[in-house]
**Student:** 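Got a structure for you, written out below as structure tokens; questions coming shortly.
Counting starts at 1 for both ligands and their atoms, following the listed order. The first residue in the sequence is number 1, and the count goes up from there. On a predicted model such as this, the values are computed, not experimentally measured, just so you know.
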Amino acid sequence: MLLPAFIDSHLHMLGIGYYQEIIDLKSTKSINEIIELVKDKDLSFLVARGFNQANLKEKRMPVKQDLQEIDKPLILFRICGHVAVVNQKMLDLMKIDESTPQIEGGSFDYNTGIFTEKALGLVYDKIPEPTKEDLKRYLINANKILISNGITKVASDDFSSFNVPYKLVIEAINEVDEMGLLDVEITEQINLPIDKLQDFISKGYANKRFNNFKMGPLKILADGSLGGKTAALFEDYSDDFGNKGILTFTDQELYDLVSLANKNGMDSVIHAIGDRTVDQVIKTFKRVQEENPRKSQGNAIIHAQLATKKQIAEMKENNIGAIVQPIFINSDIKIVDERIGIRKYDSYLFKTMFNTINTGFSTDSPVENVNPFENIYIAISRKSIDFPEYEIFLKEEAFSVEDAIKAYTDENIRFVYDESHDDYIEINQDIYQIPVEEIKDIKVIKVLKKGKIIYEI
Ligand SMILES: [Zn+2]
């Protein structure tokens, strides 16, 4: 069966490639298993990612005391990438002790070794920097993975994945492209702090197009995650009295970023998960548009996990799209009750969004597996793949097969700044006829780009 090739409107190309080379904790089921996995690695600096405390036997975050037997600097990133735990060796390397002042927009705890949000900058600063050759290798590997999954276009956030100048990333991508090894067309979601964004604009990079690579919207991270209890909510977390999460920016800081982009012909795509952040983002877009009206192609909220129907209507009024990840339901289904209680009925309203505003699917890979059929399966079934014992999550928000494919193709064209899309894939099943349960196992057997076969098994 032939389908249009998929477009993923928010992921991290470099992160996908890098993930192949670090310790993967996604399948770990206990803190002991994490320790066993990292302790035998013959590396002088240990970076691992992908644990989820909801899946661990202990049902809690690992803390530095758990990691005492590891005598090298060690960083364990949570699956979301917004929270990490480090061991004492790493704290020593970072020169952090009880008296080190906190970082605004984030937090760290010397006693547990847990770092969140902007405080992760301290951790990233110490990870050995990749060279341009490393970046190119990550890209080449990511390209292969995406094509074999039937994805030929992406919007990708890569400038802040590592502590390297954004120009090095641009050079690496263009060199891979010139080598003829970039089949996936990349629209970069420009993730830069305001001083670097100014530099980027002054050097004429805004909206610049290369061959298979072009500069897209500004990408802003406005809060954290529900799993890490760092997404900003109006009311307390149901299981953490007094905690309302973290807004990464003040209203003025967020305005300054979006306004600077807008004045220079750039849209903004903003990571917002909690309802308080969604509200801040809508108000910011509204203010910027009133002051300097400009026809946007792709202003959007990425994730919008806790966006109420009222907020979705406000997004429509302000021409704000949604870039959403049905696959997040796969593990969030376990925590949504305890984290947000009754507010779960206002969460993951992806079908309502699809019916109201421009809504495209993405995976945020390497946060989640990049496989579109798993994402589509969850959009249609509203069930978890890893935890099938949980009941269907808000059935009225389930997609039809047709609409799910649309959200992965047509709806995403706008987010990769194209007018049309003429890539195709051949799959091994008739997606419209097979039982829903089998959709997640569909395989791509051929990829056609502009009429040419570029992948075949
Ligand atoms: Zn992301």
**Student:** Any non-hydrogen side-chain atom of Pro217 less than 4.5 Å from a side-chain atom of Gln189?
**Tutor:** yes
**Student:** Counting neighbours of CD on Glu402 that are heavy atoms of other residues, nucleotides or ligands and sit closer than 6.0 Å, is the number greater than 12?
**Tutor:**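 Counting neighbours around CD of Glu402, 12 or fewer heavy atoms of other residues, nucleotides or ligands fall under 6.0 Å, so no.
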**Student:** Using 4.0 Å as the upper bound for N to carboxylate O, is an ion pair formed by Glu171 and Lys132?
**Tutor:**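 Salt bridge between Lys132 and Glu171, a charged N being under 4.0 Å from a carboxylate O: yes.
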**Student:** Under a 4.0 Å threshold between the charged nitrogen and the carboxylate oxygen, would Lys153 count as salt-bridged to Asp418?
**Tutor:** yes
**Student:** Relative to the Zn ion (ligand 1), which of the N, O or S atoms in Asp364 is the closest?
**Tutor:**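 This turns out to be OD1.
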**Student:** Between the Zn ion (ligand 1) and His271, is there an N, O or S atom separated by less than 2.8 Å?
**Tutor:** no
**Student:** The Zn ion (ligand 1) and Asp157: any N/O/S contact shorter than 2.8 Å?
**Tutor:**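 False for Asp157.
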